[in-house]
Asker: 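Have a look at the structure that comes next, please.
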Amino acid sequence: MTRHFLRDDDITPAEQLEILDLADRIKADRWGTRPLDGPQTVAVIFDKSSTRTRVSFAVGIADLGGQPLIISTETSQLGGKESIADTARVLERMVAAIVWRTYAQSGLEEMAAGTKVPVVNALSDEFHPCQLLADLQTIREHRGTLAGLTVAFLGDGASNMSHSYLLACATAGMNIRVGAPIEFEPSAEVVSKATEIAETTGGSVAVLTDPVAAVGGADVVVTDTWVSMGQEDEKAARVAALGGYKVSPELMAHAADDALFLHCLPAYRGYEVDAAVIDGPQSVIWDEAENRLHAQKALLAWLLAKSAS
Ligand code: CP
Ligand code: NVA
């Protein structure tokens with residue numbers, strides 16, 4: 001059966017561990033895994049801008065023995081010119097997998113429903129699950145384990161990163177706290193699903209409005225831009241509402257002394273995080289960015305193997 005990766009809870013806790021273990025093995029032996037030998041082609045489609053996702057998928061697909069085909073919506077028939085269902089049926093005749101950065105999650109679901117090849121969410125308005133595989137790989141590298149650690153996500157609780165943190169950390173048996181103003185709280189469906197998963201993994205889920213309470217004693221502190229792609233018109237209102245959730249050295253001081261700082265990037269220093277934190281000794285953002293490569297190679301290799309069996 002074809003496996004897709006559209007949201008973080010598309011994989012079980014055991015499957016998440018399999019992918020993270022494979023990511024570590026691939027990182028240690030970069031050229032040793034070649035499921036795309038041929039070369040087979042993977043379509044990587046962008047409706048939104050990208051640096052890390054574009055480069056890590058292009059390099060990763062080549063590392064796996066394959067050939068990346070980077071498609072921009074503007075210069076293809078997607079984006080309202082041709083239906084997603086028809087696109088899905090054309091692509092499956094030629095490519096081994098489809099990776100897509102888009103707006104609505106429903107578009108990814110339609111693509112996955114219409115094709116026999118694995119579909120990967122390379123960021124939607126609702127989730128950024130590939131980023132979370134890289135983030136979990138990074139945290140595990142620095143801490144040796146995931147289960148039992150406490151993670152605080154600060155800022156836009158309704159964002160793709162917040163939602164993916166809730167689901168992926170619950171899956172990993174971590175304690176995830178989101179610190180966000182009430183008008184930026186996470187989706188009720190995601191909180192409820194994360195809570196349900198946490199009950200089976202020994203993790204926990206909390207949504208708090210007090211940033212100090214959210215960060216208190218945390219092992220990992222995470223934030224993301226306050227203005228996600230597509231929200232540029234809301235910048236002034238968002239900056240005003242989220243100002244109290246900036247990860248400053250003072251806020252970071254409430255976390256554990258050895259707490260890690262993560263940010264998916266791109267970062268806006270002086271807004272969601274101060275330079276002293278993101279460029280300081282607790283920050284692991286460059287390992288996090290590199291791990292996009294290893295984690296996504298593992299994900300593609302894993303999806304292709306599972307879909308073939
Ligand atoms: N973190 C991330 O997805 O970066 P890009 O937008 O550059 O791909
Ligand atoms: N939340 C951000 C993540 C960018 C990688 C956005 O969607 O723009």
Side-chain angles (χ1 to χ4, degrees), residues 5-8 23 42-61 68 70-74 99-108 120-139 151 153-168 178-181 184-187 190 221-235 237-239 241-242 245-247 261-269 271-273 278 283-297 299-300:
F5 189 55
L6 308 186
R7 12 188 301 168
D8 308 82
V42 174
V44 191
I45 310 169
F46 290 94
D47 296 357
K48 294 175 175 170
S49 304
S50 170
T51 296
R52 275 146 293 272
T53 305
R54 188 185 307 257
V55 174
S56 56
F57 269 110
V59 171
I61 289 160
I70 309 288
I71 301 170
S72 157
T73 309
E74 282 167 24
V99 177
W100 189 14
R101 167 167 288 192
T102 189
Y103 291 88
Q105 186 74 9
S106 57
L108 284 156
V120 173
N121 179 357
L123 180 148
S124 65
D125 290 343
E126 285 93 339
F127 301 101
H128 196 3
C130 289
Q131 181 71 52
L132 260 289
L133 291 176
D135 287 18
L136 294 184
Q137 183 181 15
T138 307
I139 296 166
V151 179
F153 179 93
L154 272 289
D156 181 1
S159 67
N160 42 21
M161 283 298 297
S162 167
H163 289 160
S164 277
Y165 258 93
L166 282 160
L167 292 179
V178 172
F184 290 96
E185 67 183 11
S187 127
V190 172
V221 178
V222 190
T223 189
D224 183 23
T225 180
W226 293 336
V227 188
S228 285
M229 289 179 274
Q231 300 172 336
E232 291 78 5
D233 293 350
E234 302 167 20
K235 181 174 175 183
R238 287 175 162 271
V239 169
L242 291 162
Y245 296 81
K246 174 197 291 196
V247 182
F261 174 79
L262 279 84
H263 189 308
C264 68
L265 305 176
Y268 301 89
R269 290 167 176 78
Y271 288 91
E272 74 271 12
V273 60
I278 195 167
S283 174
V284 292
I285 56 165
W286 307 124
D287 293 337
E288 181 186 7
E290 177 189 329
N291 285 338
R292 294 293 303 279
L293 173 67
H294 312 301
Q296 287 160 192
K297 285 172 67 180
L299 174 69
L300 283 175

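Values below: all heavy atoms of this structure, side chains included; hydrogens, waters and symmetry mates excluded. Model, not experiment: these values are computed from the prediction. If you read the sequence from its start, that first residue is 1, and numbering goes on from there. Whatever order the structure lists ligands and atoms in, that order sets their numbers, starting from 1.
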Asker: On a heavy-atom basis, I'd like to know which of Met229, Arg52, Met161, Lys48 is closest to atom 4 (O) of ligand 1.
Answerer: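 When every heavy atom of Met229, Arg52, Met161, Lys48 is considered, Arg52 comes closest to atom 4 (O) of ligand 1.
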
Asker: Any N or O on Arg54 sitting closer than 3.5 Å to an N or O of ligand 1?
Answerer: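 No; every N/O pair is 3.5 Å or more apart.
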
Asker: How does Leu265 reach ligand 2, by side chain, by backbone, by both or by neither, if only non-hydrogen atoms under 4.0 Å count?
Answerer: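 For Leu265, the contact with ligand 2 is made by the backbone alone.
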
Asker: Any salt bridge linking Asp287 with Arg292? Criterion: basic side-chain nitrogen under 4.0 Å from a carboxylate oxygen.
Answerer: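 No, no charged N to carboxylate O under 4.0 Å.
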
Asker: Identify, by atom number and element, the atoms of ligand 2 in contact range of Thr225, meaning under 4.0 Å from any of its heavy atoms.
Answerer: 2 (C)

Asker: Indicate, as side chain, backbone, both or neither, the part of Thr53 found under 4.0 angstrom from ligand 2 when only non-hydrogen atoms are considered.
Answerer: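 Within the 4.0 Å criterion, Thr53 makes no contact with ligand 2.
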
Asker: For ligand 2, which part of Ser159 has a heavy atom less than 4.0 Å away: the side chain, the backbone, both, or neither?
Answerer: neither

Asker: Salt bridge check, Arg238 against Asp156: does any charged N sit closer than 4.0 Å to a carboxylate O?
Answerer: yes

Asker: Does Leu265 reach ligand 1, in the sense of a heavy atom lying below 4.0 Å from it?
Answerer: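 True for this residue.
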
Asker: Check each heavy atom of Asp125 against ligand 2 and say whether those closer than 4.0 Å belong to the side chain, the backbone, both or neither.
Answerer: neither

Asker: Which of the atoms in ligand 2, numbered in the order shown and given with their element, are less than 4.0 Å from a heavy-atom of Leu123?
Answerer: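 It comes down to these atoms of ligand 2: 3 (C), 4 (C), 5 (C), 7 (O).
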
Asker: State whether the shortest distance between N or O atoms of Pro266 and N or O atoms of ligand 1 falls below 3.5 angstrom.
Answerer: no

